[in-house]
There are 2 protein chains.
Amino acid sequence: MGNGFVAAETRREEIMRVSTGLFLENGFAATSMSKVAAACKITKASLYHHFTGKDELFIACVTHGYTPALDDLRALENDQSLDPVTRLREAISVLYEMTIKSEVGRMSPLIAEVSRAFPNVARSFHSDYIGPQQEIVWRMIADGVDQKVFQPVDRKSFFHLLFGPIVTLSLSREMFTSFEDLEDHFPVEPLKQSHTDALLKLIRSCA
Amino acid sequence: MGNGFVAAETRREEIMRVSTGLFLENGFAATSMSKVAAACKITKASLYHHFTGKDELFIACVTHGYTPALDDLRALENDQSLDPVTRLREAISVLYEMTIKSEVGRMSPLIAEVSRAFPNVARSFHSDYIGPQQEIVWRMIADGVDQKVFQPVDRKSFFHLLFGPIVTLSLSREMFTSFEDLEDHFPVEPLKQSHTDALLKLIRSCA
DNA sequence: GTCTATACAGTGATAGAC
DNA sequence: GTCTATCACTGTATAGAC
């Protein structure tokens, strides 16, 4: 990153990039290995040389986005110039971005779709993405409590109020993609603002 | 209802009841017409006599639960003995029940799954279920505002905070069904309580 | 309304040559 | 690594007899 060197995209990476787009556009079941192969301009046999099966391909697509998405949150945690309130505000902004705009966030409904057939996908998503995400945010909260800026709160209850609206907004935007007035019904910015204000009102210690 | 007469279940109703269970258990794509037919102990040809295709069958299953689910909310609205706060508390309870326990509520992730292939399913779900649901709740809020018990609130922002956590909890419970510690991770009752308290704290007019 | 029988497109996946 | 060719199978859906 930033050293002027851009690694050539491997075939495997190209397949993942292309198939992620197809999965997001059409869902898991409607994205066949034939379509992926055709979109990559290779044959199915070649595709199967790179991935042992459709499930492995999908898991690779999901897993691929974990680290970069979490890095933004980590950077925020390590920024010592921020007070707890500003840091939480920024964190919520990043969470909206991660969940609604990023590929891994938008994949959540797909993971729900395949979770019965491949429970390990759900396991991985929960332990390698959701878990770390909550850990980072929780440390920010604990920091604010230590500094007497935030009231002590129950962890699960707080996350219920924090992640609930974000995930639902993301799901709604995916499931009502076909609506031409999507932005009117589910606008990100204003909902993010009011959500942030409400959370801060609840958590701030105002004696 | 309650008149001692129970209408015989028609074949069509039986098919809908059975296939709803299969859709909820295995998802839309993994529920084939063959499996539905087998579960109903009829042949595929007979199944196609009652429903012109898999999409029509699915739409029928989704639509079927709308009215009974909304009726609980309507009953609450018409109960004149309740003050706005108690009514809202009860309404939230009903919404948790509708979204997490009822068949139509649990179908939401499936609707997301098929929404691209059948946008009319998403349309119907939004206009015949989500819409009326929000209208009823909104009238309860407006009533409380009129009585000066609630502060005026922005509609979209309030629904973001009200429905967001409920829908996400429902989605999480569906997508992590395979977890043996599901109830520990996603317990309905305590989250409902803290969610309700938070909403009331935000909306009550305490000068 | 239910059946037997069938059409036929598409699926995930593999064998083996180059 | 990529190809051609092919596998066994399941999918939705229909025709026509009873």
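Proteins come first, then strands; the chains are lettered A, B, ... in the order of their sequence lines, and each starts at number 1. Quick caveat, the model's predicted, so the values are computed rather than measured.
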**Request:** Under the ring pair (Phe, Tyr, Trp, His ring centres under 6.0 Å) rule, what do A:F176 and B:H126 come out as? Steps first, then yes or no, please.
**Result:** CA-CA 9 Å; A:F176 300 126; B:H126 188 264; 5.0 Å; yes
**Message:** Expected output is a numbered-order residue list: members of residues 11-28 of chain B with a heavy atom under 4.0 Å from any atom of DNA chain D. What is it?
**Reply:** none
**Ionic contact status for B:D184 with A:K156, cut-off 4.0 Å** = no
**Asked** Quick one: side chain to side chain donor-acceptor pair (under 3.5 Å) partners of A:T43, sequence neighbours excluded?
**Response** A:S46
**Message:** Given the ring of A:F28, does A:K54 sit roughly above its face, with NZ or CZ under 6.0 Å from the centre of the six-membered ring and within 45° of the axis?
**Reply:** yes
**Asked** C:dA13 P sits how many Å from A:L57 CG, rounded?
**Response** 10 Å
**Request:** Report the distance from atom CZ of B:F163 to atom OG1 of B:T99, rounding to the nearest 0.5 Å.
**Result:** 7.0 Å
**Asked** At under 4.0 Å between heavy atoms, what does B:S34 touch on the DNA or RNA strands: base, sugar-phosphate, or nothing?
**Response** base
**Request:** Please report, rounded to the nearest Å, how far the P atom of C:dC8 is from the CE atom of B:M33.
**Result:** 20 Å
**Fill in**
At a 4.0 Å cut-off to heavy atoms of chain B, the contacted part of DNA chain D spans D:dG11 to D:dA15
**salt bridge (Lys or Arg N to Asp or Glu O under 4.0 Å) assessment of B:E174 paired with B:K101** = CA-CA 11 Å; B:E174 294 295 323; B:K101 304 283 174 64; over 6 Å; no
**Complete:** Between A:R11 and the options A:E13, A:E9, A:E14, the salt bridge (charged side-chain N to carboxylate O under 4.0 Å, His left out) test singles out A:E14
**All side chain to side chain contact (heavy atoms under 4.5 Å, CB included) counterparts of A:K192, not counting sequence neighbours** = A:S93, A:Y96, A:E189, A:T196
**Item:** Contact residues, residues 43-54 of chain B to DNA chain C [heavy atom, < 4.0 Å]
**Value:** B:T43, B:A45, B:S46, B:H49, B:H50
**Asked** Centre of A:F179's six-membered ring, under 6.0 Å away, within 45 degrees of the axis: is that where NZ or CZ of B:R123 sits?
**Response** yes
**Message:** My understanding is that only residues two or more places apart in sequence, or in another chain, count here; which of them pass side chain to side chain donor-acceptor pair (under 3.5 Å) with A:T67?
**Reply:** none
